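Bear in mind that the values here come from a model prediction, so they are computed numbers and not experimental data. Every chain is numbered from 1, with letters handed out A, B, ... down the list of sequences.
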Number of protein chains: 2
Amino acid sequence: MQRIPGSVTIDDVARHVGVAKGTVSRVLNNYTDISDATRKRILQAVKELGYQPSATARNLKRGRQDTLGIVIPVGHGSGADPFLAEFIDGIARALDELGLDLLVTTAHSREHMIETLHRLVARRKVDGFIITRTEVNDPRIAFLSEKEFPFVAHGRTSDPSGYAWFDIDNEAAFADGVRHLYSLGHERIGFIGGSLELNFALQRLHGYRQGLEALGVRHDPDLESLQDVSEKGGFAGAEALLSLDKPPTALLCVTDALAIGVVQFCRKYGLKIGSDVTVIGYDGLPVGEYLDPPLTTFSQSAQDAGGRVARKLIDVLDGTDPKSLQALAKAVLIRRASDGAPSMTPDELSKLFRDRLNHQPHSDTKGE
Amino acid sequence: MQRIPGSVTIDDVARHVGVAKGTVSRVLNNYTDISDATRKRILQAVKELGYQPSATARNLKRGRQDTLGIVIPVGHGSGADPFLAEFIDGIARALDELGLDLLVTTAHSREHMIETLHRLVARRKVDGFIITRTEVNDPRIAFLSEKEFPFVAHGRTSDPSGYAWFDIDNEAAFADGVRHLYSLGHERIGFIGGSLELNFALQRLHGYRQGLEALGVRHDPDLESLQDVSEKGGFAGAEALLSLDKPPTALLCVTDALAIGVVQFCRKYGLKIGSDVTVIGYDGLPVGEYLDPPLTTFSQSAQDAGGRVARKLIDVLDGTDPKSLQALAKAVLIRRASDGAPSMTPDELSKLFRDRLNHQPHSDTKGE
DNA sequence: AAGAGTTACAAAACCGATTTCGGAAGTCAA
DNA sequence: TTGACTTCCGAAATCGGTTTTGTAACTCTT
């Protein structure tokens, strides 16, 4: 009863032309056993009536939804993750070209995420999933694998062998980062990371250590601070590391958000970024460009990643073996202005910082 | 044939219990004419088999999709709009509570957007639409209104009488902004706006002018610069206005993106923000907090707006008269640190700026 | 104890497409 | 002519639910 008004069905078209609805369907789906004359009349009627087949009815019969799903984690009111925003943008663009749509849902906890996944799979609202921010042991991937439900991951898990994924070579990037900082003259290089359940955080930590080892330096656990992957976390991480007796002169952060927090911290205490303290982020977010100084960061084009991942998932749905759809890309270091040669030794930095701590902190905190 | 493996249907449940499938359906939909014994047996079987009804089949019969749609405009590779990201986040959170999902698609041009809208409506993939960034004469609203397809707008059009919307009182906000700047001591106040086809840009311009009028100042077209609503636009706008013979000492920008561009510009020429030049943005983006200095801005909580708009659309779908679902909210000025009393007169500012222009510009531009 | 109501469910129709099946009409070879 | 093939399309089954309709078996009335 409450039908959408003006919605024309295949029966309307069939009646209008005087054929069976099956015939209309065959014309629209390019079957060959239709005479040219009839085809033309039907096409004409379709155009006249503005008929478009109901996605629902078609899906019911076909068993496909032409829709992909993504579940994004949300914190408590913290605001959208800019990386994910770019990523989703990239997915949607890619899907648009293929006539598919993207279903976006949120989850506020790990349980909620699995629950949502479960619902969407069981109710068959989507044909496949895109998983982001993979964890070392990811319950989502376990769930979807077990259900044999198509999906693709952005990032790997501890065992990346059985599914399609796209990832960045995080180890290589961070090893490079260490080498880069070392060549700038930094001897003590700090690391601000995130929960080691997040695979990218773990990989970047490994890369950081590998980079040090390659230089013959033993990694110092004191220089590794694990925090919430957010601006607040970066702030806290900077505080922790710069308070050390022998603080690092350079900080390698696993995300731009963390790096932004570090910048905040340094600004608050009047430490000059790019000389007193060097900061490097990761994500290549556009925001970084507008920071003062513009943030040096590893870029992986979230948008591009979204597009790639979407296309991989389409391939999976088309029957390609997921195992053959695994790809590793390199991150590129975008040097802006937050890195440079150290202006002083760790000891001097420590002294400077303590000085600043005792004075009224630099008044650049927020007004009202 | 290519059915999702392990997908259990209502028939499976019915057979398992030994009842008709209609009976199962009635149990699941809380009909009363079922004996307790049968109800229990069916519920038991449902749990045992892990049955969840197919959304598609249900939708086909019900004529509803439990899905809302949003079409977001995307530029050419420019990156995601942070405001929209927050907005969508807010929508998705609200919908999650109600068991609805959000379909996100992109459109790269106005025509493409209408086309996408058309497709989604005709194929009935969504029950209603959320329209953002309304234009003074919005073809999307015209289209949906004519089709009598449910929708809600974030922002109004020139004739806002016939549909549901949520908007901010842009005029009031900008009039307030002018008053605020004037009270800080600014005599020449500039305006950096966007295309006047965007209703919010038009309204904010009106508000700006009203604010001036209320102070008995006649608005000066030279002080109004219309740009692309982006960082680049802000940069260009700042350049245009600060190059005037009598430049404004304060710039009111219609979005934070523009304000960020202004900050960039001032940084490049070594103009101190909050004293030499005052900048105020609009959107209350979290990013603004991390700028140096933190951006003073009108906040309207994109996330909150998303939630409100979503709930309004639900109400429309539930039969509430859209005309009764119109709401105007106030923007709040968040004072951070980019506004302050002018440190000099327009003439002095002009001289200072010309000086800086002739020297090598301050070297804070990006390194490679 | 007969007619009137309930109760509790089975059976069937329906939503709007796609796809299978089968048959009428036309074509061709024998 | 007649049987065998095509060509073209109508009829019906199907996807997996929801909703309507119908009815057997009880329970009340009076």
Side-chain angles (χ1 to χ4, degrees), chain A residues 1-43 45-46 49-66 119 121-125 127, chain B residues 1-43 45-46 49-66 119 121-125 127:
Chain A
M1 41 159 54
Q2 210 247 96
R3 294 273 150 273
I4 308 291
S7 152
V8 15
T9 75
I10 198 171
D11 272 316
D12 297 331
V13 177
R15 244 193 317 274
H16 190 262
V17 182
V19 296
K21 62 177 180 174
T23 307
V24 175
S25 175
R26 277 188 302 247
V27 166
L28 263 20
N29 290 285
N30 292 317
Y31 280 60
T32 52
D33 60 344
I34 302 286
S35 73
D36 263 7
T38 312
R39 176 183 303 276
K40 248 177 214 142
R41 280 164 53 221
I42 290 179
L43 255 22
V46 164
L49 302 178
Y51 168 72
Q52 290 218 42
S54 145
T56 314
R58 159 181 292 175
N59 294 342
L60 177 56
K61 179 65 185 176
R62 285 222 188 130
R64 280 196 343 194
Q65 315 306 129
D66 290 339
R119 175 174 64 86
V121 168
R123 308 191 99 112
R124 285 137 282 177
K125 273 199 99 160
D127 300 322
Chain B
M1 41 161 54
Q2 210 247 100
R3 294 272 151 273
I4 308 292
S7 154
V8 17
T9 74
I10 198 171
D11 272 316
D12 298 331
V13 178
R15 244 194 317 275
H16 190 263
V17 182
V19 296
K21 63 176 182 173
T23 306
V24 176
S25 173
R26 278 190 304 256
V27 166
L28 263 21
N29 291 285
N30 292 316
Y31 280 60
T32 53
D33 60 344
I34 302 285
S35 72
D36 262 6
T38 312
R39 175 183 303 277
K40 243 172 219 150
R41 280 164 54 222
I42 290 179
L43 256 20
V46 164
L49 302 179
Y51 167 72
Q52 290 217 43
S54 146
T56 314
R58 161 181 291 176
N59 294 342
L60 177 56
K61 179 66 183 178
R62 286 223 187 128
R64 279 195 345 191
Q65 316 304 130
D66 290 339
R119 174 173 66 85
V121 168
R123 307 191 99 114
R124 283 135 283 173
K125 273 200 100 160
D127 300 322

Looking only at N and O atoms, is any donor in the side chain of K21(B) or the base of dG17(D) less than 3.5 Å from an acceptor on the other one?
yes
Between Y51(B) and dG16(D), does any side-chain N or O lie under 4.0 Å from OP1 or OP2?
no
Select base, sugar-phosphate, or nothing to describe what S25(B) touches, counting heavy atoms under 4.0 Å on all strands.
base
Length of the line joining R41(A):CZ and dC8(D):P, which is rounded to integer Å:
14 Å
Rounded to whole Å, how long is the line connecting atom CZ of R62(A) with atom C1' of dG16(C)?
13 Å
Distance in angstrom units between L28(A) CG and dT18(C) P, rounded:
7 Å
What nucleotide, of dT19(C), dC9(D), dG17(D), holds the atom closest to the side chain of K61(A)?
dT19(C)
Flag side-chain contact, heavy atom, 4.5 Å: R26(B) against V19(B)
no
Look at T23(A) and dG10(D) and indicate whether a side-chain polar atom (N or O) is within less than 4.0 Å of OP1 or OP2.
yes
Under the criterion side chain to side chain contact (heavy atoms under 4.5 Å, CB included), I'd like the reasoning laid out for I42(A) against R39(A): C-alpha separation, chi angles, the key distance, then a yes or no.
CA-CA 5 Å; I42(A) 290 179; R39(A) 176 183 303 276; 6.0 Å; no
Run N29(A) and R58(A) through side chain to side chain contact (heavy atoms under 4.5 Å, CB included) and show every step you take.
CA-CA 11 Å; N29(A) 290 285; R58(A) 159 181 292 175; 4.3 Å; yes
R124(B) atom CZ is separated from dG16(C) atom P, nearest whole Å, by 8 Å
Residues V24(A), V17(A); criterion side chain to side chain contact (heavy atoms under 4.5 Å, CB included); working and verdict:
CA-CA 9 Å; V24(A) 175; V17(A) 182; 5.7 Å; no
Distance below 4.0 Å between T56(B) side-chain N/O and dC15(D) OP1 or OP2:
no
Among dC8(D), dT18(D), dG17(D), which is the nearest nucleotide to the side chain of T38(A)?
dC8(D)
Rounded interatomic separation in angstrom, taking CG from D11(B) and C1' from dG17(D):
9 Å
Could you tell me how far apart L49(B) (CG) and dG17(D) (C1') are, to the nearest whole angstrom?
16 Å
Between protein and nucleotides 20-22 of chain C, what N or O pairs are separated by less than 3.5 Å?
{"unit_1": "dT20(C)", "atom_1": "O4", "unit_2": "R26(A)", "atom_2": "NH1", "d": "2.9"}

Do any N or O atoms from the side chain of D127(B) and from the backbone of R64(B) form a donor-acceptor pair under 3.5 angstrom?
no
Rounded to the nearest Å, what distance is computed from the CG atom of residue L60(B) to the C1' atom of nucleotide dG16(C)?
5 Å
V19(A) near the nucleic acid: base, sugar-phosphate alone, or nothing, with a heavy-atom cut-off under 4.0 Å?
sugar-phosphate
Within a strict 4.5 Å, meaning less than it, do heavy atoms of the S54(A) and R123(B) side chains meet?
no
Report the distance from atom CD of Q65(B) to atom C1' of dG16(C), rounded to the nearest whole Å.
12 Å
Look at the side chain of R124(A) and the backbone N and O of A122(A), then say whether any donor-acceptor pair between them is shorter than 3.5 Å.
yes
Out of dT18(D), dG17(D), dC8(D), which nucleotide sits closest to the side chain of N29(B)?
dT18(D)
Sorted by position of nearest nucleotide on DNA chain D, 5' first, the leading residue of G18(A) and R58(B) is G18(A)
Within the 4.0 Å heavy-atom criterion, would you say N59(B) contacts the bases, only the backbone, or no part of the nucleic acid?
nothing
Determine: side-chain N/O of S35(B) to OP1/OP2 of dC9(C), distance under 4.0 Å, yes or no.
yes
If you look at every heavy atom in S35(B) and T38(B), which pair is closest and at what distance?
OG-OG1, 2.7 Å
